[in-house]
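Reviewing the structure listed below.
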Amino acid sequence: MATTDIQGQVLGETEGGADKFAWSMTLPLVRATLWGFTAYFLGAWITAIAAHTLIVNALPATVGYVFGLLGWLAGSGLWEGWIRRAFGGAEAPVYTGVERYFRFSSDSKATAVRYVIFNVIAFLFAGLAAMAIRIQLLTPNSTGWWLSEVQYNETFGIHGLMMLLAVVSSVIVGGAGFYLLPLMLGVRNVVYPRLLGLSWWLLPPATVAAFMSPLIGGFQTGWWGYPPLAQNSGNGIVFYVLAAATLLTSSVLGAVNIVGTMIYMRAKGMSLGRVPIFVWGLVAAATILIVEAPATFTGAVMDLSDMILGSHFYTGPTGHPMAYLDQFWWLFHPEVYVFVLPAFALWLEILPAATQRPLFARNWAIAGMLGVAMVGSLVGAHHYFTAMSATRMPIFMTLTETVSIPTGFIYLCAIGTIWGGRVKINAAVLLTLMAMMNFLIGGLTGLFNADVPADFQLHNTYWVVAHFHYTMLGGVIFTWLAALYWWFPKVTGRMVNEFWAKFHAWWFFIFFNLTFLVMFIPGIEGMNRRVAIYLPYLRPLNEFVSISSFFLGAGFLIPAVNLFVSWRSGKKATQNPWGSKSLEWHLSSPTPYVPFPEGSEVTVVGPNDNYAAGAPEPFVWNQATPSK
Amino acid sequence: MAAENIGTLMDPASERAKRGAFFFPMLFTSIICAAWFLARFLWAGTSVPKAADFGVGVALTVLMLFSIGPMSGARTKLIRGEDAAALGRLAALLGIAVLVVVGIIATWWAVPIGTGYGGIYDITSGWILLYFVGGVLGLLASLMKGKQVLERFQSERWVAHNVLSFWGELVLLWTVFFIVFYIA
Ligand code: HEM
Ligand SMILES: [Cu+2]
């Protein structure tokens, strides 16, 4: 029986409920919000009374946060959906229809879709913060009519923290990753579906707390949270620490699922050599998180303990403030590979299908990703060359520059795949190629940062800001859009409007480069980052950067409208519009609620990226008639 | 198709997968403690203050080492399918976990938190205490499930297995904690 026939059969309710959306379905979301805020105030208020202090102080805010998080989770449906049955209570209800998007659910596809929506909202608000920053820098001193210096510090701190931990860290892993991981491996769901569901429900409260931090005094440390400034510049730092710890926990819950699913749950015949390249990218990122996140996690907890419990890890007579830097960068350098390795891997999924050519040197690509994960984990100290002993400098300089070797493998594999072929350019492919261009500049400027003598000049200037925006906005966010366009038909069953997608791709590419290529110059000219007031000779450059950034920001209205309109009324998608050999494209569009129902499991007989002429189909479908 | 069937259909991991993948959360939670065991030497050198509550430390360590008995007993019973006997041993572990939680809290008054040793002692033991609270919840869940819906307990024996694996991690972590903070 052909693929489509098997997948098209309706097996009981496996297609998913057909019930229409009703407002009552959003009840869990409303309830979670209500309980979250109520519990927050209850916890904070009781603590404030008990400790004879103000409700906005560090201790009440911490207790309030913990209460609020639990209240939110209780309201989300976690109780009915998991805890109650785990303690021997009534069985959890199963929601196969639209309801599952609005409550705690164990369906990885629903979780992934929720990730996308969360990322879009977080991107919007963190983006507005960026616009506020650029308005400030239109003139050398805007503190009289725009943000004060303190407000400015709070704004870039929130912008950085949220863009990193609520956007870039989960745009690829959360949306594309959790959607595709089981489908690409040929299984129905991940190994711990409820834990994965929980990973999403941790995001909103952490994010709300970070954005609300100015209400309890803000924080002025930027996204680093370095002591002793952390302990001395506003109670909002408590929300910074708690949000960062919560978001990291969420990432780790995802990572556990990625590695566990990949090791234990592959379809029949999927040997390691046949695991799709995107799954390898996810695994490389997940390994980094599981092994390296603890150091940074402990740093956050100790920073908090100094604030609320009276310990002296980083401050006071027994404090070692530099230890925080070691702990912080232990993960947060490798974290950049958590962002970028899955994005690299997506290029290597999209390009072979777009050129209909086999992935070039597949094993080198895998080695490249694992190599980056391994070497990249040793180089965090390159973020503070200006504060380390001369002995450490050459070591971390050399190690950092070594990372470019495995990164090079990945680039060569991508280029080798399209070399001499004919690339069929749609919006997703265009954005992928643009991401490759942008990231190249990001990576090459990284080498200058890693060079100690150069870094003494460049450290903490706008050069560094331009560098990391090239890697993350230019590399990861471009790839995010590419992924959204590429898999949109599979998720929604409809096609994206290609014209507006391509139009925006060019808009994004042009204004992104105008903004950030020019931004290198004030960096070299001596403009420090994280300053609200700068010297007048830098004004023309800053004006230029600000104005192009406004175009860049406003441009995101285009994909927002385009994706929404395409979702409501786009052309119906066929099963496999790109002619891809990857497994998810061989299910119907949109993906049925139960993929691979019993009786239509798949046997894998080859890698999904072998497009060589005459290569056999990589999958054989089970011929048996479904039993149920 | 009944809702319950779809529920199981959409949670397809085998017992082997559920138990095998549990290695990764255990790895993560252990590395956190390992980081603190190392940090103890940065913040407090190698000396153990006289005020440290050695007696309680020894008592809790003995208790934890003793718990290896019911732990491996429960494992054997689970494998043999003797669920009632396994549940009895889980209950014993639950009792031990509660004792350890109380014991840890009792040690917090010995050395003030503002000192190098006190700070790292309190944060590490406090974190391990959270693990014990997790252990209590896990044991309680298994016990209640076993008492109320034995069938569900039996079709999901991997949960009890993972709780026991976690207990093994706790024994290990507590023993290393004792060595690092009371002897080294
Ligand atoms: C290929 C090689 C790369 C090298 C050699 C490199 C090197 C560096 C160095 C040495 C710094 C510190 C500069 C300073 O503060 O003086 C830095 C900053 C940074 N890099 Fe990279 N980088 C590379 C790739 C990436 C990637 C892939 C990302 C993200 C996806 C990234 C994100 C960042 C961020 C966020 C910062 C700034 C952190 C901060 O100060 O707030 N880099 N890079
Ligand atoms: Cu770095």
Side-chain angles (χ1 to χ4, degrees), chain A residues 11-14 83 85-89 91-94 96 106-108 187-195 252-253 255-257 259-261 263-265 286 289-295 297-298 301-302 305-306 309-313 316-320 323 327 593-594 596-598 628, chain B residues 1-14 16-25 27-36 38-39 42-44 112-120 122-124 126-127 137-138 140-150 152-153 156 159:
Chain A
L11 303 174
E13 295 167 28
T14 56
I83 310 293
R85 78 176 294 288
F87 281 82
E91 185 52 69
V94 175
T96 57
S106 59
D107 173 25
S108 60
V187 293
R188 268 172 243 131
N189 209 337
V190 295
V191 61
Y192 299 127
R194 295 192 178 87
L195 218 50
V252 171
L253 298 182
V256 165
N257 266 299
V259 200
T261 310
I263 293 185
Y264 290 102
M265 292 183 71
L289 279 167
I290 293 173
V291 179
E292 319 250 331
F297 195 89
T298 53
V301 176
M302 291 159 88
S305 158
D306 278 8
L309 299 178
S311 57
H312 286 291
F313 294 114
T318 54
H320 299 288
Q327 288 173 278
Y593 176 73
V594 180
F596 318 107
E598 273 165 9
K628 284 187 197 158
Chain B
M1 197 182 288
E4 183 141 357
N5 282 343
I6 292 205
T8 29
L9 195 63
M10 284 305 280
D11 190 357
S14 63
R16 180 173 164 274
K18 295 277 193 190
R19 286 175 60 181
F22 196 64
F23 171 74
F24 295 103
L27 182 66
F28 174 76
T29 48
S30 303
I31 299 179
I32 292 189
C33 291
W36 270 323
L38 284 176
L42 175 61
W43 271 281
I113 191 168
T115 63
Y117 179 91
I120 194 74
D122 287 354
I123 204 158
T124 313
W127 192 258
L137 292 177
L140 206 58
S142 286
L143 282 169
M144 288 170 68
K145 203 198 299 182
K147 289 263 158 10
Q148 289 164 30
V149 271
L150 189 61
R152 196 185 298 160
F153 179 89
E156 298 170 356
V159 180

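As a basis for the values below, the full set of heavy atoms in this structure was taken, side chains included, without hydrogen atoms, waters or symmetry mates. In the text below, chain A, chain B and the rest are named by the order of the sequence lines, each starting its count at 1.
At a 4.5 Å heavy-atom cutoff, B/F153 makes no contact with chain A through either its backbone or its side chain. Residue A/N257 does not touch chain B at all, counting heavy-atom pairs closer than 4.5 Å. With a 4.5 Å cut-off on non-hydrogen atoms, A/F297 touches chain B through its side chain but not through its backbone. With a 4.5 angstrom heavy-atom cutoff, B/I120 touches chain A via backbone and side-chain atoms both. Interface residue A/S305: only side-chain heavy atoms are found under 4.5 Å from chain B. There is no contact between A/A286 and chain B, counting heavy-atom distances below 4.5 Å. Using a 4.5 Å cut-off between heavy atoms, B/L150 does not touch chain A at all. Neither the backbone nor the side chain of A/E292 comes within contact range of chain B, judged by heavy atoms closer than 4.5 Å. If you measure heavy-atom distances from B/A35 to chain A, the contacts under 4.5 Å come from the side chain alone.
Closest heavy-atom contact between B/K145 and A/A86: CE-O, 3.3 Å. Nearest heavy-atom pair across B/I113 and A/L309 is CG2-O, 3.4 Å. Between B/K18 and A/P193 the shortest heavy-atom distance is NZ-CD, 3.8 Å. Between B/A17 and A/M265, the shortest heavy-atom distance links the atoms CB-CG, 4.0 Å. Residue B/A21 comes nearest to A/Y264 through the heavy atom pair N-CE1, 3.4 Å, listed as atom of the first residue, atom of the second, then distance. The two residues A/I290 and B/I31 make their nearest non-hydrogen contact at O-CD1, 4.0 Å.
With a 4.5 Å cut-off on side-chain heavy atoms, B/D11 and A/R194 count as touching.
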Next item on the list: Go through the steps to decide whether A/T96 and B/M10 satisfy the test side chain to side chain contact (heavy atoms under 4.5 Å, CB included), and finish with yes or no.
Entry: CA-CA 10 Å; A/T96 57; B/M10 284 305 280; over 6 Å; no
Margin query: Evaluate A/I263 against B/F23 for side chain to side chain contact (heavy atoms under 4.5 Å, CB included), listing each step before the verdict.
Written below: CA-CA 11 Å; A/I263 293 185; B/F23 171 74; over 6 Å; no
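Taken from CZ in A/R188 to CG in B/L9, the straight-line distance is 4.5 Å, to the nearest 0.5 Å. Taking CD of B/Q148 as the reference point, atom CZ of A/R85 lies at 13.0 Å (rounded to 0.5 Å).
Interface remark: of the candidates B/C33, B/S142, B/G114, B/G114 forms the most heavy-atom pairs closer than 4.5 Å to chain A. When the candidates B/W43, B/W127, B/F24 are compared by the number of heavy-atom contacts under 4.5 Å with chain A, B/W43 comes out ahead. Top candidate by heavy-atom pairs under 4.5 Å with chain A, chosen from B/L140, B/D122, B/T115, is B/L140. By number of non-hydrogen pairs under 4.5 angstrom with chain B, the leading residue of A/T318, A/V191, A/D306 is A/V191.
Judged by distance alone, the side chain of A/Y192 and the main-chain N or O of B/F22 form a donor-acceptor pair under 3.5 Å.
For the side chain to side chain contact (heavy atoms under 4.5 Å, CB included) test, no residue two or more places apart in sequence or in another chain qualifies with B/L38. Looking at residues two or more places apart in sequence or on another chain, you find a side chain to side chain donor-acceptor pair (under 3.5 Å) between B/T29 and B/E169.
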